[in-house]
There are 2 protein chains.
Amino acid sequence: MLAVQRRSNADVRLMVRVAQLYYRLHLSQQEIGERVGLSRFQVGRLLDRAVEESIVRIEVVHPDARLVELEDALMARFGLDAAVVADVPAATQGLAADDVARDAVAEVAVDLLAQRAPVGTIAVSWGRTMLAVARRLPMGWTKADEIVQLNGATSRSEQPTRANEIVERFAATTGASFRTLAAPAIVGTAELSTALAGDPAVEEALDAARAAHTAVFGLGIPAPDSPHLGSGFVTPDEQARLREKGAVGDVVGRFLDAQGEIAWRKLDRRAVGISLEDLRAKPLRVGVAAGTGRGPIALAAIRAAVVNVLACDDGTASWVLAHG
Amino acid sequence: MLAVQRRSNADVRLMVRVAQLYYRLHLSQQEIGERVGLSRFQVGRLLDRAVEESIVRIEVVHPDARLVELEDALMARFGLDAAVVADVPAATQGLAADDVARDAVAEVAVDLLAQRAPVGTIAVSWGRTMLAVARRLPMGWTKADEIVQLNGATSRSEQPTRANEIVERFAATTGASFRTLAAPAIVGTAELSTALAGDPAVEEALDAARAAHTAVFGLGIPAPDSPHLGSGFVTPDEQARLREKGAVGDVVGRFLDAQGEIAWRKLDRRAVGISLEDLRAKPLRVGVAAGTGRGPIALAAIRAAVVNVLACDDGTASWVLAHG
DNA sequence: CTCCAATGCGCACATCTGAGCAGCGATCCG
DNA sequence: CGGATCGCTGCTCAGATGTGCGCATTGGAG
């Protein structure tokens, strides 16, 4: 006991000395061995033990480290191609909080897009989050041929969707032409949706959206202030019914339940835009979720495999990891 | 500016990710490169930058780290073979503080001795510090042939020197025989010292001490409670004179000034024990200094080259480094 | 006293990593 | 528009490091 104590005592001193020579003075293990009278193997094993026994601490101290961990965890857990997580300090409260989150997520989402630099046709959705993304796109972040909308983008309500601004910004920053989908996201009946899809202009746009290899879209929630639900084509009764069916949010105007299944087939048939199957077929499909309460729809989108790249805030990332 | 900002932002994320893969998951740079889509060179350079920019922090966190730094500094600055520094928390005050220091230094000194494991003859001095060392020696810390005293060890005062206990403990723990030097450390006249040195028993002991390859001795200070000065052979007047000459302490009964020179030759000739020249000739000469005010004599001993291994407390080490 | 397990050591070998260097594209000037 | 320069990339090559293994020493059990 006593022998162990004093032996490990002297050992610790030696480990500390070796660790300092190695990590502070950057001597090679060979040199350290010569200096303290050990073989380089002994020095190497001592260094192992020093790390093992926490005599040496190696840590990644950057504030973003936590976010990167979330990203890596999301990728590993759900097999995502990529994930970017933005830091949204809990300081801001109330409605402004979601604005802050949107901006923060938009920033990292734009970084991600610029890094991927998709070419050809890029299909986009609309909404406040997408608007925040579009506004932050720097000139020349990639070279694309055409920007096209993924789903219907006109509104009946007084608040404008700014859908055009989004498409135009994507086009302007990439040198691409653009094509809008001049129809509501959700119409009154399935028949009307079918009829609209037969309209040449709409059909062309939908074909282009289907052909696009890249899709960038927001993940919405069925809140009263949601642009989809507030657009005037879904009655309050229908909204309540939708929630009863377990809808946790929408992807390109199609509402999903927690499992990632279409929440209400009847309503879904009234949507104007590409199908989730078409979306899933794209090699790059970037979902952007920002703000509180986005966890369920983010997880649903992941389960439905309609996203293979996720951009979200840290709260959403944590929720997804905790519940997925 | 904005471009720089966003670029370095994404770069930082990448550095953090790469650093985590490297330092936490212990992937090779090659594997990391494959995973994140970079060449191993880019990964290596990213890791360099991550350390450079303090994204990764590597530190030796053990409480002894500071002490080891002092040890290394002592060795480097003064060309010592070894130095061991004990931690003496400033908590204890007054007279007890020196007792604590002695115990702490004795512990590390014993570790050092056990590690060196000197063989043959070991010459030792006496004093409270040496007593603390002796008492902590574990059985079998080394195998020696003979233990012998370096200098006179009888006292005229009422307080016993415990010199015999020291020698006996060294002998008992090493399986060695022992030989005492039955004379005072300092006598009344130089002539008496010479005469004593001619006595067969004393001469034999001195010869053995000279022949020893190893010496272990305390570094004393000229305080009123010093066993040397209190032994009764140095008058209060002489003590005052000694201090006037700049004596900062003694090594085996010989007082040195701050430069490491004999402080008062006339007094020195009255000492009974081996000379500093004989001491300097030994390949292993361990000086032990514990307690406040020991800095000057420690430094003097180093300058005089009578020690090539120093064991002391952290306060003494700091003083020596600050003033040497 | 003998045998055996356990530990620690150093070596050969494979892998990993760092340093210097040439190529190459972008950028900036003249 | 041509040329110089700079930054970045990947390469070669040598040095540094990790790994598995055989050998020796040690400590203990029988």
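The chains referred to below are lettered A, B, ... by the order of the sequence lines, with proteins before strands, and numbering in each begins at 1.
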(message) Applying salt bridge (charged side-chain N to carboxylate O under 4.0 Å, His left out), can you list everything that pairs with B:R210, at least two apart in sequence or on another chain?
(response) B:D207, B:D278
(request) For D:dG10, take OP1 and OP2 only and decide whether either is under 4.0 Å from a side-chain N or O of B:S39. (result) yes
(message) Quick one: does any side-chain atom of A:Q149 pair with a main-chain N or O of A:T180 as donor and acceptor, under 3.5 Å?
(response) no
(request) Determine which pairs satisfy side-chain hydrogen bond (donor to acceptor under 3.5 Å, both in side chains) with at least one residue from residues 112-124 of chain B, sequence neighbours left out, and list them in order. (result) none
(message) Just to verify, what does A:D103 make a salt bridge (charged side-chain N to carboxylate O under 4.0 Å, His left out) with, not counting sequence neighbours?
(response) none
(request) Write down the distance between CZ (B:R49) and P (C:dG18), rounded to a whole number of angstrom. (result) 16 Å
(request) Please name all residues satisfying salt bridge (charged side-chain N to carboxylate O under 4.0 Å, His left out) with A:R285, sequence neighbours left out, ordered by chain then number. (result) none
(request) Rounded to the nearest angstrom, tell me the gap between atom CD in B:E34 and atom P in D:dG10. (result) 14 Å
(message) Applying salt bridge (charged side-chain N to carboxylate O under 4.0 Å, His left out), can you list everything that pairs with B:E168, at least two apart in sequence or on another chain?
(response) none
Under 3.5 Å, which protein N or O atoms sit close to an N or O of nucleotides 15-23 of chain D? Give each pair with its distance.
from: D:dT17; atom 1: OP1; to: A:Y22; atom 2: OH; distance (Å): 2.8
from: D:dT17; atom 1: OP2; to: A:Q29; atom 2: N; distance (Å): 2.9
from: D:dG18; atom 1: OP2; to: A:Q29; atom 2: NE2; distance (Å): 3.1
from: D:dG18; atom 1: O6; to: A:R40; atom 2: NH2; distance (Å): 2.9
from: D:dG20; atom 1: O6; to: A:R45; atom 2: NH2; distance (Å): 3.4

(request) Could you state the atom-to-atom distance from CG of B:L14 to C1' of D:dC8 in whole Å? (result) 15 Å
(request) Answer yes or no: does a side-chain N or O of A:Q42 lie under 4.0 Å from OP1 or OP2 of C:dG10? (result) yes
